[in-house]
Amino acid sequence: MSSLATMLATETSSLAGFFAATFVAGIGFGAGMQGGMRTVLPLVAEHERPRVLSVLYLICYVAMGLPAVAAGSWSCTAAAWRPPPGTTPCSWWPSRSQR
């Protein structure tokens, strides 16, 4: 929901809306990560907690990062417009009037 609000705020050029949606998304991610830690860590022996916590961090950040990288890669290659010759797909972005 907040990613939809972030995209809407970006499209309407609302800086306050963008930061508000980003703030809400950050709270949601933090709450989800803290909930995962509070659920998993009490079930693990004390000497295994650092390893389990590092795996939990790895899973969370890969799960958050991979979709962002995939979406960025897809948006640069699957756009309806084509960049001018001699440029890379992401080095040129049309102005709002050219879209």
**OP:** Find out if a path of hydrophobic residues (ILVMFWY) with successive side-chain heavy-atom gaps under 4.5 Å connects M33 to L41.
**Re:**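 Looking at the clustering, L41 is in the same group as M33.
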Subject >> Pairs where residues 22-46 contributes a residue and the test ring-ring contact (aromatic ring centres under 6.0 Å, His included) is met, not counting sequence neighbours >> reply: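 ring-ring contact (aromatic ring centres under 6.0 Å, His included) check on residues 22-46 returns F29-Y61.
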Original post:
What residues form a side chain to side chain contact (heavy atoms under 4.5 Å, CB included) with V69, not counting sequence neighbours?
Top reply: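 Partners of V69 under the side chain to side chain contact (heavy atoms under 4.5 Å, CB included) test: none.
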**OP:** Might you point out which heavy atoms bring V62 and P67 nearest each other, and give the distance in Å?
**Re:**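 Distance-wise, the nearest heavy atoms are O-CD, 4.1 Å.
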Subject >> M64-V40 co-clustered via ILVMFWY side chain contacts under 4.5 Å >> reply: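 Linked, M64 and V40 end up in one cluster.
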Original post:
Atom CZ of R51 and atom CG of L56: how far apart are they, to the nearest 0.5 Å?
Top reply: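 Atom-to-atom, R51:CZ and L56:CG are 16.0 Å apart.
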Subject >> Smallest separation among heavy atoms of R49 and V44, with atom names >> reply: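 So the minimum-distance heavy-atom pair works out to NE-O, 3.4 Å.
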Original post:
Is there a path of hydrophobic side-chain contacts, each under 4.5 Å between heavy atoms of I, L, V, M, F, W or Y residues, that connects L43 with M37?
Top reply: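 Per the 4.5 Å side-chain linkage, L43 and M37 are not co-clustered.
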